[in-house]
Number of protein chains: 2
Amino acid sequence: MSNNHFRRGELYSVINGMASIAVARRLQKNFRAAGLEITIEQWSVLYHLWKEDGLSQQELCNRTFRDKPSITRLIDNLEKQKLVKRVASPTDRRINLVQLTDAALELQHITIDLANQTMNEALEGVEKHEIETVKSVFQRVYDNLMGIAETTVDDRR
Amino acid sequence: MSNNHFRRGELYSVINGMASIAVARRLQKNFRAAGLEITIEQWSVLYHLWKEDGLSQQELCNRTFRDKPSITRLIDNLEKQKLVKRVASPTDRRINLVQLTDAALELQHITIDLANQTMNEALEGVEKHEIETVKSVFQRVYDNLMGIAETTVDDRR
DNA sequence: GACATATAGTTAGTTATGCAACTAATTTCA
DNA sequence: TGAAATTAGTTGCATAACTAACTATATGTC
């Protein structure tokens, strides 16, 4: 283990605190201001489908880091809004392939622009090398907690 | 505005992504493993009361960065678990002062130890100066988004 | 003093999360 | 081949978030 084992607990509220919440709220607000009804959680699912359409729900669990019930309900809501549809896999009857509708395809550029704009607002005055440090620290944190034989997010049951 | 306005949108998932979720889940898991029933959200409220007991609900909103309904229900649940009680303010009948019970006072050391331990797991191998950079970037992000005449979290209505 | 405004807190509705328990389909392997 | 184990997805329950609308109390101003 590393050598500085003291009073790091307060750092929880750095990694998972006001800044993260503020960014999420600002992105949601910018979506609404643009007349978009989607939540950022729904957007994060669409984001992965824009990169690769027709993923299974399980694959969406893996990529969005959510559990299966969460994905089930996110897909339910996205389906209600006619942004995706569930299509039975031709090869495995257990699997739903989630496919984007034309309406969802139209959202791609505007929402990604809004995300870029939001992060530019958030990171105003932050240096590139600082961003790189944040990225590498967060990658390290993720590896520390999810690596090896630790709890995985899916298939705990 | 700053000069690097391109493709920062993906950074949303750095600041608000897998690492943050992994840390929250690990802390919750460590609470459960120690036989503690509280959620990390409840813990964050207790945390502020340990620092200063008898805060009003509004003051807890300000300090925990949550809105009033969220605090109402967190206090409801904490009261059910007999960890806090609402006490009418003697000077202003609108105000509830939230006071810790003995049971809550007993949780302080063990939960803070668990938070320290969790963050040590998470930050294994991360250098101090890197942590300082993360802190300063997050402070900057918070200031960028919450400063000036922007949306405040409370009293939007 | 009375009316308008502001503040503290609650309630209702929608979305989302995590856990546990469940069904249905597929794979493993004796 | 057929029973056991695994995998994909859904449902139920509890907690929590945000928005909007509400009640009650306090303050400010004419």
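We use all heavy atoms of the structure for the numbers below, so side chains are in, but hydrogens, waters and symmetry mates are not. Chain A is the first sequence line, chain B the second, and so forth, proteins listed ahead of strands; every chain is numbered from 1. None of these values were measured; they are calculated from a predicted model.
Residue Ile71(B) is classed as having no contact, given no heavy-atom separation below 4.0 Å to the nucleic acid. Contacts of Gln42(B) with the nucleic acid, taken as non-hydrogen atoms under 4.0 Å apart, involve only primed sugar atoms and P, OP1 or OP2. Residue-level contact check: Arg73(A) touches the bases, meaning some heavy atom is under 4.0 Å from a base atom.
For Arg26(B) and Tyr12(A), the positive end is not near the middle of the six-membered ring at less than 6.0 Å and at most 45° from its axis.
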Apply the test side-chain contact (heavy atoms from CB on, under 4.5 Å) to residues Cys61(A) and Arg66(A): give CA-CA distance (whole Å), side-chain angles for both, the deciding distance (0.1 Å), then the verdict. CA-CA 5 Å; Cys61(A) 292; Arg66(A) 292 182 167 85; 5.7 Å; no
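Relative to the side chain of Asn77(B), the nucleotides dA16(C), dC18(D), dT15(D) differ in distance, and dT15(D) lies closest. Residue Lys68(B) has its side chain nearest to dG9(C) when only dG9(C), dA12(C), dG9(D) are considered. Listed nucleotides: dA16(C), dG9(C), dA16(D). Nearest to the side chain of Ser56(B): dG9(C). Distance from the side chain of Thr72(B) is smallest for dT10(C) among the nucleotides dA17(D), dT26(C), dT10(C). Taking only side-chain atoms of Asn96(B), from C-beta outward, the nucleotide of dA25(C), dT10(C), dC18(D) with the closest atom is dT10(C). Checking dA16(C), dA12(C), dA8(C) against the side-chain heavy atoms of Pro69(B) singles out dA12(C) as nearest. The Arg66(B) side chain lies nearest to dA17(D) when the options are dT10(C), dA17(D), dG9(C).
Between the side chains of Asn62(B) and Gln58(B), a donor-acceptor pair is found at a separation under 3.5 Å. When only modelled atom types and interatomic distance are considered, Glu37(B) and Gln42(B) share no side-chain donor-acceptor pair under 3.5 Å.
OP1 or OP2 of dA16(C) lies within a sub-4.0 Å distance of a side-chain N or O belonging to Thr39(A).
Checked by distance alone, Arg94(B) brings a side-chain donor or acceptor within 3.5 Å of a matching partner on the base of dT7(C).
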